[in-house]
Number of protein chains: 2
Amino acid sequence: MTQTVAPLPSFDPACPMSAFPIQVGGKWTAMIVLCLENGPRRFGVLRRHLRPISTKVLAETLTAMGRDGLVRRCPVEGADDGGVEYELTPLGRTLLDVIEHTRDWARTHLSELVRARDAFDRAATASKAVLGTSRAP
Amino acid sequence: MTQTVAPLPSFDPACPMSAFPIQVGGKWTAMIVLCLENGPRRFGVLRRHLRPISTKVLAETLTAMGRDGLVRRCPVEGADDGGVEYELTPLGRTLLDVIEHTRDWARTHLSELVRARDAFDRAATASKAVLGTSRAP
DNA sequence: CTGTATCCCCTACGATACTG
DNA sequence: CAGTATCGTAGGGGATACAG
C-alpha cells in the first residue's frame, strides 16, 4: 500500500520565501550587521575592519542593504567632509537574533562538520591513490 | 579624545567560521533538509518535489551534504533495484532548529523588507524618469 | 575619504544527453 | 529510476583606476 508517507513542505518558486533558503544576503551582510550592532560606522571603518573586502563589494552590499531597509545612511555628526555613516534600521536589528542563532549553531556543531568533511576527503584521496597506483601524471 | 568607541567583533579569515556568514549551504540545502525532516527520501522524490532543480544540482548538493556529514545514503528497505535513500544524520537534524528560526524571521519581517525594496526601486525609477526626459536612447 | 566604473574570473546553477 | 558527463550562462566577488 503506497500511502503518502508524510506531507512534504511546499516551496512555491513564485513565493519570495524561496529567495531565503537560509542565507540572509551576500557573503558580507551578516558581518556588516554585526559591525553596526553597537552604533553607526563610517565606510572606512567598515572597510578596514572587514578587510580584505573590496570597496566595490562593500559599497554594493551597503547599497543592497539600504534597498532592503536593513541599513540607513545618515550624515556624520560634526563632520564637514560630506562623509556619512551607516546605521542599522529597526528591521536590520531584527536580523541580530537570527545571526546569533546561526553563530550558536556554528559554535556547537561546526567542528563536527569539519571533521566529517576531512574524513570524507581523506577517504576520497585514499581511494584515488589506490586507483592511481599504476598511473602517474 | 578618540576613544575606541566599542569593540567590533573580529572575523578571522582563517577561521572556518567565516565560511558561515549566515548561509548554511547552497541554494537548495535548507529545502532538502526540510524535505528529509520526516524520514528518508529517494532521489526521485526529492527531484520531483524540488522541481525545477536539475538532476545535476541535486546530486551535487546531496554529495556536498554527505561530505559535510549532514546526510547519509542508505539502501532502500525491501527494494532490489539497488536504489538508495537519503536521510538526515543527527548533525543534519540540528540544522532544523536554525532553519526554523530563519523561517520565523521571514514570516515576520519579509513583507517589510519587500516593501522597503519596492519603495526604493520606485524612487530610483522615478528619478531616472526625470533625468531621462531630455534624452531618449 | 567615499565612493563609482571597469575588467576579469570563478563558481553555482541550469539544460541536456547519456550510462548502469 | 539513479545518477554521471558536458556544455553553457549569469552573477558574485575581487583588483584596480579614477572621480567628487
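Computed from a predicted model, the values in this text were never measured in an experiment.
- Remark: C1' of D:dA2 and CZ of B:Arg48 are 11 Å apart, rounded to the nearest angstrom.
- In this structure, A:Tyr86 does not reach the C:dT2 phosphate: none of its side-chain N or O atoms is under 4.0 Å from OP1 or OP2.
- Checking B:Glu60 against A:Thr63, the closest nucleotide of DNA chain C that is more toward the 5' end is the one next to A:Thr63.
- Protein atom CZ of B:Arg41 is 20 Å distant from nucleotide atom C1' of D:dG3, rounded to whole Å.
- For the pair A:Leu88 and A:Arg72, the minimum side-chain heavy-atom distance is 4.5 Å or more.
- Rounded to whole Å, the distance from CH2 on B:Trp28 to P on C:dC13 is 9 Å.
- Close to D:dA2, at under 4.0 Å from its OP1 or OP2, lies a side-chain N or O of B:Arg42.
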Please step through salt bridge (charged side-chain N to carboxylate O under 4.0 Å, His left out) for the pair A:Glu100 and A:Arg107, ending with a clear verdict. CA-CA 10 Å; A:Glu100 197 43 48; A:Arg107 277 189 278 267; 2.6 Å; yes
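- Taking atom NZ on B:Lys27 and atom P on D:dA10, their separation rounds to 14 Å, with Å as the unit.
- For B:Val84, counting side-chain heavy atoms from C-beta on, the closest listed nucleotide (D:dG3, D:dG13, C:dG14) is D:dG3.
- Considering only side-chain N and O atoms, A:Arg73 lies under 4.0 angstrom from the phosphate OP1 or OP2 of C:dG3.
- Regarding A:Ile53, its CD1 atom lies at a distance of 12 Å from the C1' atom of D:dG12, rounded to whole Å.
- Whole-Å rounding puts the B:Met65 CE to C:dA12 C1' distance at 16 Å.
- Side-chain atoms of B:Thr108 and A:Thr94, non-hydrogen and from C-beta on, never get closer than 4.5 Å to each other.
- Within the model, atoms NE2 of B:His109 and CG of A:Asp68 stand 14.0 Å from one another, a figure rounded to the nearest 0.5 Å.
- A donor-acceptor contact under 3.5 angstrom links the side-chain atoms of A:Lys56 to the base of D:dG14.
- Out of C:dG3, D:dG3, D:dA15, the shortest distance to the side chain of B:Thr55 is found at D:dG3.
- Per the geometry, CD belonging to B:Glu85 stands 13 Å off C1' belonging to D:dC1, to the nearest Å.
- Per the geometry, CG belonging to A:Leu58 stands 13 Å off C1' belonging to D:dG14, to the nearest Å.
- Classified by interplanar angle (parallel below 30°, tilted 30° to 60°, perpendicular above 60°), the ring pair B:His101/A:His101 is parallel.
- Taking side-chain N and O atoms only, A:Arg47 has no distance below 4.0 Å to OP1 or OP2 of C:dT2.
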